[in-house]
Structures are given as C-alpha cells and as structure tokens.
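Below: the structure, in structure tokens.
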Amino acid sequence: MTSERFDPSSADPRWQAAWDERQTFRADDASPRPRSYVLEMFPYPSGRIHIGHVRNYTMGDVLARYKRMKGFEVLHPMGWDAFGMPAENAAMEKGVHPGGWTRDNIANMKAQLKRLGFALDWSRELATCEPEYYGHEQALFLAMYEAGLVYRKESAVNWDPVDMTVLANEQVIDGRGWRSGALVEKRKLSQWFLKITHFAEDLLGGLGELKNWPDKVKLMQENWIGKSQGLQIRFWSADRSTEVEVFTTRPDTIFGASFVAIAADHPIAQRLAAGDPAVAAFIEECRKGGTTAAEIETQEKLGHDTGIRLKHPFDDGIALPLYIANFVLMDYGTGAVFGCPAHDQRDLDFARKYALPVTRVVADGETSAPVFEGDEAYTGPGALVNSRFLDGMDVEAAKAEVIARAEQGQWGRGTTVWRLRDWGVSRQRYWGTPIPFIHCDSCGVVPVPRDQLPVVLPEDVDFKTPGNPLLRHPTWKHVVCPSCGKPAERETDTLDTFADSSWYFLRFASQPADRPFDPEVIARWLPVEQYIGGIEHAILHLLYARFWTRALNHIGLIDVKEPFASLFTQGMVTHETYSRIDPVNGAPVYFGPAEIEKRGDGAVLISDGNPVEVGRVIKMSKSKKNVVDPDDIIAQYGADAVRWFMLSDSPPERDLPWSEAGIEGCARFVQRLWRLFGQYDPAASGEDKALDRKRDQAVAAVAEDIEGLGFNKAVARIYELASAVEKAAPSASRSAAIRALLLLVAPMMPHLAEEAWSGLGDGLISDAAWPSVDPALLVEDEVTIAIQVLGKVRDTITVPKGQTQEANLAIAMASSKVTLHVGNVEPQRIIYVPDRLLNIIPGRVMKPS
RNA sequence: GCGGACGUGGCGGAAUGGUAGACGCCGGGGACUUAAAAUCCCCUGAGCUUUGCUCGUGUGGGUUCGAGUCCCACCGUCCGCACCA
C-alpha cells in the first residue's frame, strides 16, 4: 500500500467498474446455495435520487453484501416505478414526451446509484413503463378477470372541466383543480375495480403470521381493513310504508334505542327530499359540511326529524323517530343506524341536542338506574339492565341472544361489515398501463386476446390540448372487435400505478420473455426475505402487493401467498432549517446549508454575515431548503463515508439528522481505517490473546447486529475494534485483527475494503467469506463484578470467571470502600448474580453514631 | 376524539430487572509543526465540604435487595385514522 490517503474519486469508480465487469452481484437462479432475497422499495424516477433513497438502499446493500459473505445466493435487484403523473406534468410544463422524460431520469438516477457502489444485479433491472413489463401486467389483469376478480361499475370521480381530466383527491384544493383552479365536478364514470374485498378476511388473518413486520404497520392495515361484526336489522313504520335496514355492532343495546338515523344520501332521504323542500334544504346543508379534519372534528351533530315513526323490533308499542343526520355515513354499513345514546357518544350528543330519551341498558358497576345522567356515554362492559329478557346477561351473551332472535324472527341477521372497499384501478390518464379491453357495440366489453398483448401505448401523443391523449389519438383506440370483427374501441383508461408495484418483486425473481414469470423460479426466491422501505407505504402499497400475491395464488399461478417475510420501515433523513422572517410579509425565508456558516450556537448567512434562525430538525424538503444532494456529498467525501454516515448513530427505524460535522467524522474514519489497513503485516509474529478475543467478539456482535438491522450498533462495535487494534503492539494477532476488521467493514464501505483487500487478500473482498469465530474466545476468562451495599455500587472487583460466591464475598469484604458502608454488622442477606454482581444487605442493627 | 410510538449528557444515541451514559459528534487541554491543516494523547452528566460523597434516564407514586427497563397515574412530542354505528 503506497498512498497515504485513500482517494475515493479514483478508487470508487474503479471498483464499481470491476464489479460490473465481473458481474459480481448477478444472482444465479440455479445456484445450489441457500437463497436470500433482499429488496428495497423501487424508486419513482423523478430525475434525482434523494438522501432518503441513499439511506434505504444502503441498509439493504449492507444486508445483501453480508448475506453473500455468509454464503447465500443473494437476489438484490433494482428497477423503476416509472408510470405516473409527474411525467405527464413535465410533458405539459416543458413540452417533453413522458417516455423520454422518464427514460432520461432513469439513466441519471441509475448513474447516481452506481456511484454509491450498491451490490445490485442490474441484469434484472426493469421499468414498469416498458411494454416488456406492463404487457405481462395486462396478462395478469386478464387472468384476474377470468377468475372473477375484476369488474366494472359506475363510480364518481373528480372532474376538472378546464383541463378535461380526472383529479386525484389530493389534487383537489378547496374544491378546485390544483392546476386550472376550476371548480371540480363529481362525475359518474364506468370504471374498473379489483375485488380486494374477496380477500379481506385472509388479508386480515394473514397479518397474524407476519412475525417480522412492525406491529405499527400491521395495526394500520388491520384498521384499514376494518372488520366489524354485528347485526343487520330491519325497522318498519307501523303502516309498513317505510323500511329501514340498519347495521349495528351493539345489538345488545336494542332496548336502549331511542331513534333511528339515516345518511343524507340515503335513498329514503332522497325520496323524501323530492316531496319536501325542508328535507331537501337540510340535505343540502349536510353536503356543505367541510371535509377537512378540523372541520369534521368541530362539526355539530345535526338532524332532521322526518316525522316517520318506526316500530321497535321487540315491542310494537315503542315508536322510534326517524331522523336524517349529518353524522351518518352512506358508504359504511347500510347508511343507517339506530341510536342508543347511553352507550354511544355520538348518539348521546345527538340525543341531548334533540331532547330524546336516554335509557341505560348496561350497568356500569355503580348504577343500573334507567335514567342516564351526564354527557359521557358508557361504552364499557357490564350486565344488561332495563332490557327484559336480556337482563343479567353480559354484553357478549346479549349480542348473541339478540342476533339469534332476529334471525329466528327473520327481521335481521348476524353480519360482518368491512371498511375495506374494492380497489378502483381506472385512471383516465395516458402514462400508465393500458387496460386490455375492447368496447364493442354488439359484444359489449371484450378482453384483448392474449396473442394481441401487449397493448402498447402510442408514442405519438402531445399534451398541448387538455384531456387524455389516448381519447383523441387519431388511430390508437380504433380496432376491430376480437369477437365479432366489427369496428370497436379500445378502453382508454390506464391502470393505477399501484398495480405496477404490486408484482414487480415477482418479475425481479423471474423474467421470461413469453410470460410474467416462471412459477418454479418464483418458488425458489420468494418470499422476499427482507423488504425495506418507507412507512408511507404502510397501507396502500403493502396491502395491494399482499392482495396481488394472494390473487395470483388463488388463480394458481404461484404458490406463495405472503410476498414479504420481513418488513422494515426506515426513518427519514432530517436536517436543521435556517430562516429569517421577511420584514415585509412576515413569512419565513429559508436558506440552504451551503448558504450559511455555523458559528458557535448559531449560524450566519455567508453573503451578509448576519445571523439566521436555526430551526427545528425536520424532514428534508425543497421548500425548506434543508436538503443535501447525494451527488454533492459523494463528490466531496466519497461513497463509503456517505454510506457509513447513513448507518451510524441513529437506529435505522428512527429519523437520522444530517450534519456536516457528522459526515466529516465519517470521512475521517475512512482515512483512519485506511492507515490502519496499511499497517497489515503478514510476517508479524506473536500472540495477543486479549486482541484475539476482542476480534472474535466483534465479529460475532457485528454479525448479530447486521442480521437484526441494528446498523448503528454494528458501527459502534467496529469503532471499538478499530481503537483496540490501533493501540495494540504488532503481532500475528494484530494482523489477524486488521484482516477481520477489513471483512467487517466490507459490506458497509465496499470501495475502501476492496482497495485495501487488493493489498492483502485474494480476489475481490466482495467474494470473500465472513470471518469465522472461535466460540471459546467469545467467553471471557476474567469478569468484573459490581459490589453493592444495599443496592448501591460501592466497588468493583475483577476475578476469574466462575469464581464462587464465598471467594468473591471474601475479596469484597477486604475492600475498605465496601466495609465502610457495611459497618460492623453481619450481612443479613447476600444477593449474588454469578459473574456480574454481589449485593450485600447489612443486618438491621443500628450503628452507634 | 380513537389508536400507536417515543421521552436518557450540549447533540445522535448504548444498556437479557444487575456497574446508566458504550460508540460517535461537539467542546476543552496538550503533543507534533516556523505556522496551519492533517494526525496522535488526555479530559468532558450535574453538584459538593473532592482519599470521597450526593443527585441524576419527562413528572408523581408503586413492586423489588436492586428499576432507564416492570406496574399505576399524569405531562410533553411525534405519527396514523377520523363521526366506521
């Protein structure tokens, strides 16, 4: 080793080229080795990778490289979630073609990822916007259609009349289109749906088996699926002219019912509105209610008495008023509820406002009086009261009893209601997977025959005129019906891009040209052993991917049901903000890290030397200017320092605050290791037992930390070993420790490791094996024992491991620090934790002072 | 409102109920140097009457020989959901 300093600008590209040339990280489908599929969520090709990608992919990379060293055949692929609106927006704003824009971005980002030295199998790279990918997606969509998992129905969309386009909810701001500013209309369109609800029970139940998923994510999915069991029950008016179907999860409280309420959109409310202007006015009022979180929270419960009276199912003598109420949702359950105010907060608020009776039917342990006092509903457990044949039963038994009687009387049935809706996948957009169907006046909706796939997006489109280019393309949509041969039209909707990301992990594992994947190869790689990505995908992406996997399993295309055995959600990269308040409009003006200089506690703007406010550490965002560009920092510090920073300090699931000082520390450590590796001397002799022990302990601990994704802990262990090696005198042990240290950092700092390895090892370190450990060395032969008196540490002693309690006590009692506190009293009790701690409890004899 | 996570030095954070603060950053002191950078060494939770003692893991209680860790109550921060019957 000749050079004094490690030079990333020359070493990084050299080793990246070497890995490329040798195809070091190419995964072999036929390998006899045990397999490991490590996957990070693939990026949207926005044009630049951001620091969050760097953190995400560095974690996956360390795991992938480590697994390789442990002898696994590792599949670690990368690709592009390449369809979506930003490409269309760019087309409209800059006049570029979405495809060209996307492919340029991919080229840029791929180069950026290469500069980080990730151990990726680029031979499996895919982009969802290419027919080689989405054509197979069309085939899978048709397979689902044949299996009855795809259907069409009318559904409302946000329609922007100026841009002539459908808007996603987040593109509607205060009721207006985000781009045009036009008032958004609700339009009913016939749209495609995937029957995710068919798997609701299974998707929910499957969560229980996902042992290596964060509880938080499982809980979010559980709430999203939203299973509730209860009773669907019919109420009639005395003359049977009105029938209301109600869903409740509390059938036990039926005798506490004091009203029935329906949603403003309920058919009965609509019918009444036609003949009653007061009802119509009230419904209009409900519609006006805000939709933001704050508005809903503060919204008052409003109701309109229809005048209709419904009979209580167990007592014709009880008449319940039928209200239209603003807090009842049409799209959940049946759009109608019965109100039991004593045991439901919303119902209680409503009942107090309209002076309806409030009857207690569940005793709260203090009282069972029929008249319910106060403004807080009781929702806890208890015995039923004031409920005739239910009296004395607990809540669960009463529920079952009411359901049984309802089913017997044929006016209700036990039922399960889900929050989960079927997945509307139609997007009235150009830049997405064309939905492979043809509309024929004679034959209806006809699937495109398999031999005509892929349905390829036309490239000759422009975005100068508003609306979906597929609709106005001169030739694309005109086809002949595959069934009758008459002129027909293509479906012009494209698939939600979540569909693209719902099976990409399968295509990575196996990508034959003539079909989506080879099930036999899928079976070898799947499930993904470790999936890593952002928490923002906790619900939609992960639920849709679980659904597609199940759907394909259901059809018989694959054996696997759960795609991701382990899931890890990493934290964000954050940074301080620097700002000043604009004296004119009072709004903060932000400055980037490059524009300021840190001085002591504060910071000043370089251009004028005056202080700026150092704000909270928050997620990096362009608007706050607290961003760092991966290319800049790689150029400045080298890929290994950047990677090391991504792994250091913060636990990977928590946010990582970026700091200049931190990355500089990492860059210094890279050089420190370089100098240390330069001291490797294969000819050195002599044994250093203590260093051997530290080495193997570090190897074992780092392995354990990496396997548990505790990268910050692994980093700390490596620092410790490096310090110990630096302090040690030359010996064969020291050389062995340097060699081991090099292997330990190889997954984290691969360029430095290759460069150093080329001076002392054979071949590439990327192909080297993880160092083995001597189990005997992991065990200490000396231990330091804490000596406590009454639970307080007074001294420590270092003794041979496994020494008896008596021997240790004798040594402890020889210490003046101990005897001072024990005094002249016989120990009343000794607590001994072998090799760790000795706690002396003195007798209760009071010492003369 | 409901649900969840978190709270430890100046900062990021370690810590199977058993020596709190590993490791890193910042800061201080020193060595080397004409000088600087780089590098190396030492110190670095607070307080005190400093051979040592006391306090200290958001607050207040509890269990225990012993609590950052377990239990109860509260405070704060962040995240998710949102009138889901």
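Keep in mind that the numbers below use all heavy atoms, side chains included, and drop hydrogens, waters and symmetry copies. Just so we're on the same page: letters track the sequence lines, and every chain starts at 1.
Base orientation of B:rG9: syn, the glycosidic angle falling within 90° of 0.
Applying the side chain to side chain contact (heavy atoms under 4.5 Å, CB included) criterion to A:H541, with sequence neighbours excluded, gives A:M41, A:F498, A:S501, A:Y504, A:Y531, A:H537, A:A545. Under the rule for a side chain to side chain contact (heavy atoms under 4.5 Å, CB included), the partners of A:V799 that lie at least two apart in sequence or sit in another chain are A:V783, A:I785, A:I797, A:Q803, A:N808, A:I811. In this view, A:A641 and A:Y637, A:I663, A:C666, A:A667, A:V670 satisfy the side chain to side chain contact (heavy atoms under 4.5 Å, CB included) rule, not counting sequence neighbours. For A:R734, there are no salt bridge (charged side-chain N to carboxylate O under 4.0 Å, His left out) partners, not counting sequence neighbours. Residues satisfying the side chain to side chain contact (heavy atoms under 4.5 Å, CB included) criterion with A:A812, sequence neighbours excluded, are A:I787, A:L838.
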Table please: side-chain donor-acceptor pairs of residues 698-707 of chain A below 3.5 Å, with sequence neighbours left out.
| unit_1 | atom_1 | unit_2 | atom_2 | d |
| --- | --- | --- | --- | --- |
| A:D705 | OD2 | A:A714 | N | 3.4 |
| A:D705 | OD2 | A:R717 | NE | 3.4 |
| A:E707 | OE2 | A:Y66 | OH | 2.4 |

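Nearest heavy atom pair, residue A:F247 against residue A:S228, reads CZ-O, 3.8 Å. Across all their heavy atoms, A:G412 and A:L231 have their closest contact at C-CD1, 4.1 Å. When all heavy atoms are compared, the tightest approach of A:N839 to A:G791 is OD1-N, 3.0 Å.
Rounded to whole Å, the distance from NZ on A:K301 to P on B:rA85 is 14 Å. For A:W418 and B:rA85, the CH2 to P distance is 13 Å, given to the nearest whole Å. A straight line from CG of A:L322 to C1' of B:rA85 spans 15 Å, rounded to a whole angstrom. A straight line from CZ of A:F350 to P of B:rC83 spans 16 Å, rounded to a whole angstrom. Atoms CD (A:E376) and P (B:rG1) sit 11 Å apart, rounded to a whole Å. The distance between atom CE of A:M748 and atom P of B:rG24, rounded to the nearest whole Å, is 15 Å. As a whole-Å value, the separation of A:E576 CD from B:rC26 P is 14 Å. Taking atom CD on A:Q570 and atom C1' on B:rA5, their separation rounds to 17 Å, with Å as the unit.
With no hydrogens or angles considered, no side-chain donor-acceptor pair links A:T577 and A:N626 at under 3.5 Å.
Using a 30° and 60° split on the angle between ring planes, A:Y323 and A:F350 fall in the perpendicular class, above 60°. Taking the six-membered ring where the residue is Trp, A:W644 and A:F669 present parallel rings, their angle staying beneath 30° rather than reaching 60°.
Of the two residues near RNA chain B, A:R717 and A:R419, the one whose nearest nucleotide lies more 5' is A:R717. Comparing A:S228 and A:R829, the nucleotide of RNA chain B nearest to each residue sits closer to the 5' end for A:R829.
The backbone N or O of A:Y378 lies less than 3.5 Å from a partner atom in the side chain of A:H343, making a donor-acceptor pair. Checking side-chain atoms of A:Q221 against main-chain N and O of A:L204 turns up no donor-acceptor pair under 3.5 Å.
Scanning RNA chain B for stems, defined as runs of 3 or more consecutive Watson-Crick or G-U wobble pairs whose donor-acceptor distances all fall under 3.5 Å, gives the following ranges: B:1-7 with B:75-81, B:10-12 with B:23-25, B:27-31 with B:39-43, B:45-48 with B:52-55, B:58-62 with B:70-74.
Nucleotides B:rC23 and B:rA14, compared at atom P, are 14 Å apart to the nearest Å. Here the separation of B:rU8 from B:rA46, taken at their C1' atoms, is 14 Å to the nearest Å. Rounded to whole Å, the P atom of B:rG66 lies 32 Å from the corresponding atom of B:rG13. One P atom belongs to B:rG21, the other to B:rU44, and the distance between them is 12 Å to the nearest Å.
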Could you encode protein contacts along nucleotides 6-19 of chain B as a string, one character per nucleotide from 5' to 3', using B for base contact, S for sugar-phosphate-only contact and - for no contact, with a heavy-atom cut-off of under 4.0 Å? ------BSSSB-BB

Which letters describe nucleotides 35-50 of chain B, given B = protein heavy atom under 4.0 Å from base, S = only from sugar-phosphate, - = neither? ----SS----------

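Residues from residues 328-347 of chain A with heavy atoms under 4.0 angstrom of RNA chain B, sorted by number: A:V328, A:L329, A:Y332, A:V337, A:R346. For the contact set between residues 256-268 of chain A and RNA chain B, defined by any heavy atom under 4.0 Å, there are no members.
We find that A:D215 and A:K218 are joined by a salt bridge, their nearest charged nitrogen and carboxylate oxygen being less than 4.0 Å apart. Here A:R250 does not pair with A:D344 in a salt bridge; the nearest charged N to carboxylate O distance is not below 4.0 Å.
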Check: protein-nucleotides 52-57 of chain B nitrogen or oxygen pairs below 3.5 Å:
| unit_1 | atom_1 | unit_2 | atom_2 | d |
| --- | --- | --- | --- | --- |
| B:rU54 | OP2 | A:R794 | NH1 | 3.1 |

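Residue A:Y719 is classed as a sugar-phosphate contact, given heavy-atom separations below 4.0 Å to backbone atoms only.
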